[in-house]
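Since the model is a prediction, treat every value here as computed from it, not as a measurement. Naming: A, B, ... by sequence-line order, numbering from 1 per chain.
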2 protein chains.
Amino acid sequence: MATPSDSPQAATGLPEAGEHLALALTQAGMQRMIARTLAAFLFSDRESVTAGELGRQLGASAGSISGAITMLRTVGLIEQVPAPSSRRDHYRMRPDAWATLMTSKNAMIGLMREIADAGLSTVPSDGPAAARLRRMRDFYAYMLAELPALIERWYATQPPDDQAQRP
Amino acid sequence: MATPSDSPQAATGLPEAGEHLALALTQAGMQRMIARTLAAFLFSDRESVTAGELGRQLGASAGSISGAITMLRTVGLIEQVPAPSSRRDHYRMRPDAWATLMTSKNAMIGLMREIADAGLSTVPSDGPAAARLRRMRDFYAYMLAELPALIERWYATQPPDDQAQRP
DNA sequence: CCAAATGTTCAGAATTCTCTGAAGGCATGC
DNA sequence: GCATGCCTTCAGAGAATTCTGAACATTTGG
């Protein structure tokens, strides 16, 4: 591992763990710059950051940052925070960002169950395809029922104070 | 919805639900042809299929199919089934493919927890970044502990007979 | 009311990834 | 022992996506 600088947070980029995170999220299907932007939010030493700061830190154009912020806001991973004394818009990671990310996979699970159901009505009900589709449907139905409850239990273990709001 | 053919399984492709599934998996980060191949396995009316059949059905080159089969086998979604009377290799979806797919997300969860831990040792432990990282670490630690148990409970509800083997 | 700075949009360039097609390896059957 | 057929590998073409840079809209402070 060649580390060009001893500083954990190099001036022109993300800390190493941040790049790792971005890489992992990218391989999971997230766009590269969006993943890096999210990592920048996570590792920032401030409560909130501006688009300009992000662009400078990540070495990306204003356009990229704008698109990334729009996307992250749409899926509920970051939020705008009031900043009366500044002209620029300030954003921060939502405290429940990771739970939100997990919940979004829940939509995928529902879709899988629907696809299995749809497929079942198009194949002979006593063939091998039907058997596979029933197994698939049952599994995702189970997950669809259990996962939200699991996340709910997580919320229950968290202190319900200040900034822990649910989507 | 324009359905070019009444037949649920057009001669030159996947049933509609199959293409939906492939699209969903693709948007979730899976390669296009791998997703289509998996869908072909799911919707096949046979117990097992060969690479040649898949290539003909999907209109893809032998090279693509070979790569897709290698990948799907590596991650444990399909398996080779003995076919003594045939020269070609026969494959089928593993019965626990969907649970395996979910479990693979478990590895991702473990990685996220590790990244949070690694990040924690590089930021001031009383700053905002540390607070965010601790929250992230705790969430993924929770998920890492609970998700395998959830899937285990799924296996327990399944009839343990014939072809239900765990990875 | 004007001016300056910030955020947004969009067309185009460049990178990246995916698929194909042909050549090579390997096992099987004659 | 040889020939046949299937699967695999790999370089290159093609396509899709992503990032940039400049022009535009918007908002705030003087």
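Listed by chain and number, the residues in a side chain to side chain donor-acceptor pair (under 3.5 Å) with B:D117 are B:R113 (sequence neighbours excluded). With sequence neighbours excluded, the residues forming a ring pair (Phe, Tyr, Trp, His ring centres under 6.0 Å) with B:F139 are A:W154, listed by chain and number. Remark: B:E19 pairs with B:R36 by the salt bridge (Lys or Arg N to Asp or Glu O under 4.0 Å) rule, at least two apart or across chains. Qualifying salt bridge (Lys or Arg N to Asp or Glu O under 4.0 Å) partners for A:E146, counting only residues two or more places apart in sequence or in other chains: none.
Atoms CG (B:L72) and P (D:dT8) sit 12 Å apart, rounded to a whole Å. Protein atom CD1 of A:I78 is 12 Å distant from nucleotide atom P of C:dG7, rounded to whole Å. Distance A:I65 CD1 to D:dG21 P: 13 Å, rounded to the nearest Å. Between the CZ atom of B:R73 and the C1' atom of D:dC7 there is a distance of 12 Å, rounded to whole Å. When the P atom of D:dC7 is taken as reference, atom CD1 of B:I69 falls 8 Å away, rounded to whole Å. The OH-P distance, from B:Y91 to D:dC7, rounds to 7 Å in whole Å. Between the P atom of C:dA4 and the CZ atom of A:R88 lies a distance of 17 Å, rounded to the nearest Å. Taking atom CG of A:L58 as the reference point, atom P of D:dC19 lies 11 Å away to the nearest angstrom.
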Query raised in the report: Which parts of nucleotides 13-30 of chain C does protein reach within less than 4.0 Å, heavy atoms only, written one letter per nucleotide 5' to 3' as B for base, S for sugar-phosphate only and - for none?
Result: -----SSBB-------S-

Let me have the donor-acceptor pairs involving side chains of residues 59-70 of chain A, under 3.5 Å, with sequence neighbours excluded, atom names and distances please.
from, atom 1, to, atom 2, distance (Å)
A:S61, OG, A:S64, N, 3.3
A:S61, OG, A:S64, OG, 3.3
A:T70, OG1, A:S66, O, 2.9

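A salt bridge between A:E53 and A:R46 is present, with a side-chain N of the basic residue lying under 4.0 Å from a carboxylate O of the acidic one.
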